[in-house]
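To keep things clear, I will list the structure first and then write my remarks on it.
Counting starts at 1 for both ligands and their atoms, following the listed order.
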Amino acid sequence: MLRPLEFQHDPRLLVGLQTSDDAAVYLLDVGIALVQTLDFFPPVVDDPYTYGAIAAANALSDVYAMGGEPFLALNIAAWPNDLPLHLLTAVFRGGLDKAREAGVVIAGGHTVTDDEPKYGLVVTGRVDPERILTKAAARPGELLYLTKPIGTGAITTALKAGIAAAEHVERAVEWMVKLNRTASRLLVSHGVRACTDVTGFGLAGHASEVALKSGVRLVIAARAVPIIEGAELYARAGRLPGGAQRNRAFYAEGPDAVVRRGRGIPTVLWDLLFDPVTSGGLLFTVAADRAPALEQAFREADEPLWRIGFVDEGIGVDVVAELPG
Ligand code: CO
Ligand code: CO
Ligand code: CO
C-alpha cells in the first residue's frame with residue numbers, strides 16, 4: 001500500500017523506505033547517524049507488566065538489529081474504556097523497566113481509546129554510519145546464525161486457547177523479554193555487516209528478506225534451528241497463529257516461492273519456520289574466518305548462539321534437513 005506514494009529523497013537518509021530495513025537511519029554528522037523505529041502490538045500474554053516488557057524489548061530490537069545503541073523512547077498505547085487503568089499503568093511499568101535495563105530514557109508518549117489494547121515504543125538510537133548492520137550485506141561463503149529460539153507464536157496461541165503448560169509459557173516469556181543488546185554489540189565489534197531480527201514474518205520470512213536484499217541464497221538446516229520447548233507439541237496440535245499460514249503461502253508457495261523445502265523435513269519443523277515470532281533473536285551472517293572468534297565471544301558473554309546454515313551463490317532460501325559435514 002506504500003507503492004502509490006512518492007517519498008522524499010534526502011541523501012542523509014542512509015536507510016529508508018527504498019531499502020526497507022529494520023529501522024530508518026539518518027546521517028547527523030560525520031561518524032554519527034540516528035536510528036529511528038516504531039513498533040506496537042496487542043497483548044501476547046495475560047500479565048500486563050510482562051506484556052509491556054515484551055513490547056518494549058521487541059521495539060528496541062529493531063535498533064539493535066541495525067547495530068545501533070538506543071537511548072530515547074516514547075510510549076505509544078491504545079486502551080479500551082472498559083478496562084481498568086491500573087492495568088495500563090502495569091503495562092507502562094513493564095515497558096519502563098525494560099527500557100531502564102537497556103539504558104533508554106522514556107520521555108513521554110501518547111495513548112488513545114480503542115477496542116483492543118495495544119502498546120509499544122517509538123525508539124531513537126545512534127549508530128556509527130560505517131558499522132550499520134543491514135539485510136543487504138550477506139555474502140556467499142558466510143555462515144548463518146540465530147541468537148534466540150523460535151516458536152513463540154505457537155506457544156502464545158496455545159496460551160490463548162487455554163492449553164499451554166505454565167513452564168512452556170515461562171520459557172517463551174524469558175526469551176521474549178530478553179534484549180538483543182549484548183548480541184548486537186558483539187556483532188558490531190566483530191565486523192558483522194548483515195543482520196535482521198526475527199519477528200512477524202517468521203524465521204523463513206526474515207531469511208528471505210536477507211537473501212533477496214543481499215542477492216544471495218541462504219541454506220538453512222531445519223534440524224539446527226532452535227525451538228522453544230513446547231512449540232513443536234502445540235504446532236503438531238494445530239495451534240499455530242493465522243500468520244504462520246499466511247507467511248508460508250507468501251514465501252513458500254506458488255510460482256514465485258522464495259523459500260524451497262528440501263527432502264526429509266518433518267512438516268511440524270517446516271510449519272514452525274513460518275511461525276510469527278514476537279521479540280525474536282538476531283539472524284546474521286559472518287565470514288567463516290571470523291566465526292570462531294565471534295562464537296568464542298558469545299560463549300564468554302554467556303549469550304546464546306546457534307549456527308543454522310550458510311550463505312551461497314544463487315537467490316532465495318533453501319531449507320535442508322541437516323547441515324552438511
Ligand atoms: Co525488525
Ligand atoms: Co519492527
Ligand atoms: Co499527544
Would you call E167 and R171 a salt bridge, using N to O less than 4.0 angstrom?
->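 Looking at R171 together with E167, the answer is no, because their closest N to O distance does not fall below 4.0 Å.
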
Test: E69 and R185 ion pair at under 4.0 Å =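 Counted as a salt bridge, because a side-chain N and a carboxylate O are separated by less than 4.0 Å.
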
Evaluate whether atom CZ of R93 has more than 12 neighbouring non-hydrogen atoms of other residues, nucleotides or ligands under 6.0 angstrom away.
->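 No, because the 6.0 Å sphere around CZ of R93 holds 12 heavy atoms or fewer from other groups.
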
Please list all pairs passing the ring-ring contact (aromatic ring centres under 6.0 Å, His included) test where one or both residues lie in residues 119-174, with sequence neighbours left out.
->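 Every pair satisfying ring-ring contact (aromatic ring centres under 6.0 Å, His included) with a residue in residues 119-174: F92-Y119, Y145-F284, H168-Y234.
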
What's the verdict on salt bridge (Lys or Arg N to Asp or Glu O under 4.0 Å) for E174 and K178, showing C-alpha distance, side-chain angles and the deciding distance?
-> CA-CA 6 Å; E174 280 169 19; K178 180 175 166 49; over 6 Å; no

Distance criterion under 2.8 Å: protein N/O/S atoms around the Co ion (ligand 1) =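 Count of protein N, O, S atoms less than 2.8 Å from the Co ion (ligand 1): 3.
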
Verify, without hydrogens or angle tests, whether T37 (side chain) and A23 (backbone) share a donor-acceptor contact under 3.5 angstrom.
->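 Judged by distance alone, no pair lies under 3.5 Å.
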
